[in-house]
Amino acid sequence: MHHLRTCAAKLRPLTASETIKNVSQNRTAKLRTFQHIRCYSAPVAAEPFLSGTSSNYVEEMYFAWLENPRSVHKSWDVFFRNANSGALPGTAYQSPPPVGAILPALSSSHFQVETQPNVEKLVEDHLAVQSLIRAYQIRGHHVAQLDPLGILDADLDSSVPTDIITSPEKLDLDAFKNRMDVLTVGGFYGLQESDLDKVFHLPTTTYIGGNETALPLREIVRRLEMAYCQHIGVEFMFINDLEQCQWIREKFETPGIMQFTDEEKRTLLARLVRSTRFEEFLQRKWSSEKRFGLEGCEVLIPALKTIIDRSSGNGVDYVIMGMPHRGRLNVLANVIRKELEQIFCQFDSKLEAADEGSGDVKYHLGMYHRRINRVSDRTITLSLVANPSHLEAVDPVVQGKTKAEQFYCGDTDGKKVMSILLHGDAAFAGQGIVYETFHLSDLPSYTTHGTIHVVVNNQIGFTTDPRMARSSPYPTDVARVVNAPIFHVNADDPEAVIHVCDVAAEWRNTFHKDVVVDLVCYRRSGHNEMDEPMFTQPLMYKQIRKQKPVLQKYAEYLIADAIVTRQEYEEEIAKYDKICEEAYARSKDEKILHIKHWLDSPWPGFFTLDGQPKSMSCPSTGLNEEDLMHIGGVASSVPVDNFTIHGGLSRILKARAEMVKSRTVDWALAEYMAFGSLLKEGIHIRLSGQDVERGTFSHRHHVLHDQNVDKRTCIPMNHLWPNQAPYTVCNSSLSEYGVLGFELGFAMASPNALVLWEAQFGDFHNTAQCIIDQFISSGQAKWVRQNGIVLLLPHGMEGMGPEHSSARPERFLQMCNDDPDVFPKRTDDFAVRQLYNCNWIVVNCSSPANFFHVLRRQILLPFRKPLIAFTPKSLLRHPEARSSFDDMLPGTHFYRVISDDGPASKNPENVNRLLLCTGKVYYDLIRERKTRNMESNVAITRIEQLSPFPFDLIEMEVQKYPNAQIVWCQEEHKNQGYYDYIKPRIRTTINRSKPVWYAGRDPTSAPATGNKAAHLMELKRFMDTAFNINAFDGLV
Ligand SMILES: Cc1ncc(C[n+]2csc(CCOP(=O)(O)OP(=O)(O)O)c2C)c(N)n1
C-alpha cells in the first residue's frame, strides 16, 4: 500500500516548469495522458499486480517504456498500454506470456536464461534487480572508497545503505565474492543467493551491459560495484532531467570507460612530478615560511590541467579562476605558468615594491597569462582573480568577471569563456556566499553557462574536524540545489581524478551547467607548514605520516606496468628540479617587485604604458540640449509598435514628457539622461539589484511590460541611438553579498562600462559587507586594481522606522583614506588629484542634475574609483527636487559643494550662522529657514561630495561668512551619519579657529525611532537647534 502511494506520488502530473525543463515535448504529452487517465487514489488492491513492487521501479519502468516500449517486459508493455488507453484500476494488468516468448533479447545473449516456470517470480526478480541497479545509482557513492587515509567516511556516515549488496572492504575484488553472502540472508529487494547466476534483462537506464542487454546478477552487481563503489562516488540521481542522468550513467557505467593511453599516463605522471616537486622545492628553500602547501592533494594540478585541456579542446579560449590559499602558489606556477622566479622572489623580504599595493602577493594577488595549450594546440588565456583571505568571497566576483568577458566577446552561451572555482571543504560547506553564488548560476543576466567547481576536500578545516564543521553528509551538498552533478573522487587515484575531470569538462561543454569535482584528499602538514596538526588530529596525522605520497604510488604503479622506467621517472624529477633551481638563481636578480605584473584584469590602452592615467583632468560632464531632449523623448514614450503599457505607467510617461517640455528633470529622468548619453558614447551600462528594473520606489520603469502579451517587454533605453552601446538592467536574486560581488567582478573586466548595483534599501548593503570591506574600499590599495563600480544606496530618515532608514554613511566615511588632519596640497588639479588619491568617492546629491553629473563623471574621469552614492527616497517625487536642463548643458559639471545663492549670500557679513549639510535634509532646512524668516542671516551650504572632502571649497565657504557660527546639520543620529567624518575636516580647513557645532538627533544605537511621533519630535528639536542663534551660547 505504502509503495503504491509513493509510486502514485512520484508519478504525479509534472508541474509546468518541470515539464518544460525536464521532459521532452513528446514525453510530456504522453505523461499527461497517462496521468489524466489513471486514478492514483485507487486502493492498492485494485492493482494486485503491483503489490509489493518498488515504487522506484515502476517509475523507472514507465520512463523506460516511454522511451522504448520494447525495452520493458512484455507484461509491463501491456500494462502501460492498457493504462494509457483508459483501463480502469485493476484491469490494466494481464498475465505475461511464458518466459521463452517474453525475453527474446536474452536468448541472443551469450548468457543462458534459466527456464523459469514461475512467471510472477520472474517479474518480481526483474523488478528487484532493476531496483537494485537504481539503488546503486542513487546510493552507491555512500560506499565508494573515497578517503585515501581509509579512516573517515566522506559522507560522515560509516553505515552502508541497506539496499546495496556491499560491504566497506570492496576494493579487494576477491573478497567481493564472499560478500555475496549477504544475499543468502535475503537482500532488501528479496533476491537470494540462488539468483546470483540467473540472467536478468537490463533496463535502458543503465549502461553497465555495454553491448549486452542481459547479464547474470553476479555480473550486474560486480559492474555496479565497479562503477559506483570504487574510487569515484557519483551523486546525480537528484537531477530531474532524464537526458542528463543518462549522460552521466553512460560516462561512469560503460564497461572499460576509464582507460588511458600510455602517453596520457606519462603526462599525468609528469604533472604529478611538477606539482609534488614544486612543494618540495619551496619546503627545501624556505622551510620556515608559510605556503599553504598542496601536499596530500598534489593531484589538483593534473586535475585542473585536464579540465583546461579538455575545455580548450572544446573551444574555450579564456578561463577565469578563483581560489583560496591552499595550493595557490602551485596553481600559479604549474597551471597558470607564472614565471617561477617571479614566485620565488616573493619570499625575499628585502624586495622593494615598485608601486603601491600592500605586497600581499603570494596568497592573494591575481594573475593574467596567455599561452598555447600544448594538448589542444590553441591559445588560451588564464586569469586568477585576486582574492582576500575571506574564504569564498571571490566566488561571485569570478562569476561577474566571467559574465563580463563573455559579454564583451559576444559569447552568449559560454562556449569561449568559462570559470573554474576552487574551494576548501570547510569553506564550501560553511560559507553562505557559496549558496548565493550557486543561485546566480542559472539566471539569464547572471549565468556564466556552467562553472566547474573543484573542492580540495582535505577533510579538515584549519583544526576543525568535518564532523563539527557541517551538518550535511558531504561538504558539497549545497550544489544539489541547482541540480549540479557531484563527482566525489579519491585523490590518491590519479586516473580516477582525471576521468572525473574529463567528464566534468564534457558536462559543462554539453549542458552548460555547473558541476562539482570533490577531491577527497588529506593535508600532510598543519593549516600552514608552521602549524602542529597533532595537537588536535592525532590519529589522522599518525595515519598521514604513514601515507605514501601519491606521486610515489603512481610512479610505482606505472613502473610495475612497464609504462615508464625508473630511470625515466627519475629523469623527469631531475629535469623539473633543475628548472626550479635555475629559476631560483634568477629570482635573486629580482630587486623590485612589480605588483602591476600581478593584475588579473589588465585594461589595455586605458592607462599610459607605465600605468598612469592619461591626464589629470575631467572634461565637462554636461550634455547638449538636443541630446537631452532626445533622451527625454525616449524616456517618456514606448518606442515599439502595438505595445500596451499599464495605464498608471502611461501617466508617469506623460508627466515625464511634460517635464521634458519644460526643460526639467526629476531624479529618474536625470539618471536616464546620464545613462542614455553614456550609451551614445559607446559605454555599456549595467544596472543590477533587487527590483531595479521598475525601481523599489516605482520611479524608474526601465523595462516596460506589455499588458496583453505575457513576458513581452521593451527597454526604451536600448532604442536611443543607432550604434549605441547596450543597456543591461536586471532584477537580481534576493542576495546582496552574491550580487554585489558579481557586479564588482563585472566592473573589473573593462573600464569602459558603468556598472551599478542598487540596494533595495541602503541598510541592506551590510549583508554584502565583506565585498565592501575586502574588495571595494581596499582593493586598489591591496591589489593595485582600480574599479569604477557604483553603489546606489537609498538613504534617508523618513519616519519609516529603524529598518529602511539608514544606509550607514558613517561606515563608508570611516573607511575613506583622506587624512582628517591634513589639508591636501593646493594644486591646479586639486579636485581630480584628490579623486585619484582616494580609495572611493562618497556622495549624497541633493539635486537631480548633480546626480546626473556624478554618474557621467564616473566614466569621463581618466581613472576608475568606486562611487558610493546615497540616493533619495522622498526626493524622488519632491516637487523642489527638480533640475533645469540649464544645469546639465555643456560646460556644466558636478558640484562638490553647492553654495547658498539666496539673500544670505548677497550680504555675507550679516550672516551669523552657516549651516552645512548634505542630501535631503537640505529641503527641510530651507523650508524651516523660510518659515522662521531667517533667509538673510542663515546661509545653507550643501556638501555633495563628502569624500574626498572638498577642503578647498569649504575653506571658501567659511571665509565668505566671517561672522557666522558653523553648524553641521544632519537628520541622522549624532553617532551616525556624517558628523564624525565632517567635523575634524572642517576644523582642519579653518585651522581650528572656530568650533564646529552639531545640530541633529542625539546619539542612539538604532538608526531611527520606530515611532512616527517621536520621529517628528526629534526633527522639530533638530530644527530648533539649527535655527536657534543662541543654542550654543556658553558652550565651548
Ligand atoms: C570567511 C573566513 N573565515 C575564517 C577564515 C580563517 N580560516 C583560514 S583557513 C581556514 C580553514 C579552511 O578550511 P578549508 O575550507 O577546508 O580549506 P583548507 O585550508 O583545509 O584547504 C579558516 C577557518 C577565513 N580565511 N575566511
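Along the sequence shown, the residues carry numbers beginning at 1. Just follow the structure's listing: the first ligand is 1, and inside any ligand the first atom is 1.
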Can you list everything that forms a side chain to side chain contact (heavy atoms under 4.5 Å, CB included) with Ser472? Sequence neighbours excluded, please.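 For Ser472 the side chain to side chain contact (heavy atoms under 4.5 Å, CB included) partners, ignoring immediate neighbours, are Arg470, Asp477.
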Closest non-hydrogen atom pair between Ser688 and Ser732, with its separation: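 Looking at all heavy atoms of both residues, the shortest contact is OG-CB, 4.3 Å.
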Test Glu392 against every option in Leu421, Asn387, Val434 by the side chain to side chain contact (heavy atoms under 4.5 Å, CB included) rule and name the one that passes.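 Among Leu421, Asn387, Val434, the one meeting side chain to side chain contact (heavy atoms under 4.5 Å, CB included) with Glu392 is Val434.
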Please answer whether the main-chain N or O of Ser525 pairs with a side-chain N or O of Tyr541 as donor and acceptor at a distance below 3.5 Å.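 Yes; judged by distance alone, with no hydrogens or angles, the pair exists.
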Test: salt bridge (charged side-chain N to carboxylate O under 4.0 Å, His left out). Region: residues 455-469. Which pairs qualify, not counting sequence neighbours?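 Salt bridge (charged side-chain N to carboxylate O under 4.0 Å, His left out) check on residues 455-469 returns Asp465-Arg467.
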Atom-level proximity to ligand 1, residues with heavy atom under 4.0 Å: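 Contacting ligand 1 under 4.0 Å are His325, Arg326, Ser389, His390, Leu391, Gly424, Asp425, Ala426, Ala427, Gln431, Asn458, Ile460, Gly461, Phe462, His527.
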Strictly by side chain to side chain donor-acceptor pair (under 3.5 Å), give each pair with a member in residues 496-505 just once, sequence neighbours left out.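 Counting only pairs at least two positions apart or across chains, the side chain to side chain donor-acceptor pair (under 3.5 Å) contacts touching residues 496-505 are Arg310-Asp502.
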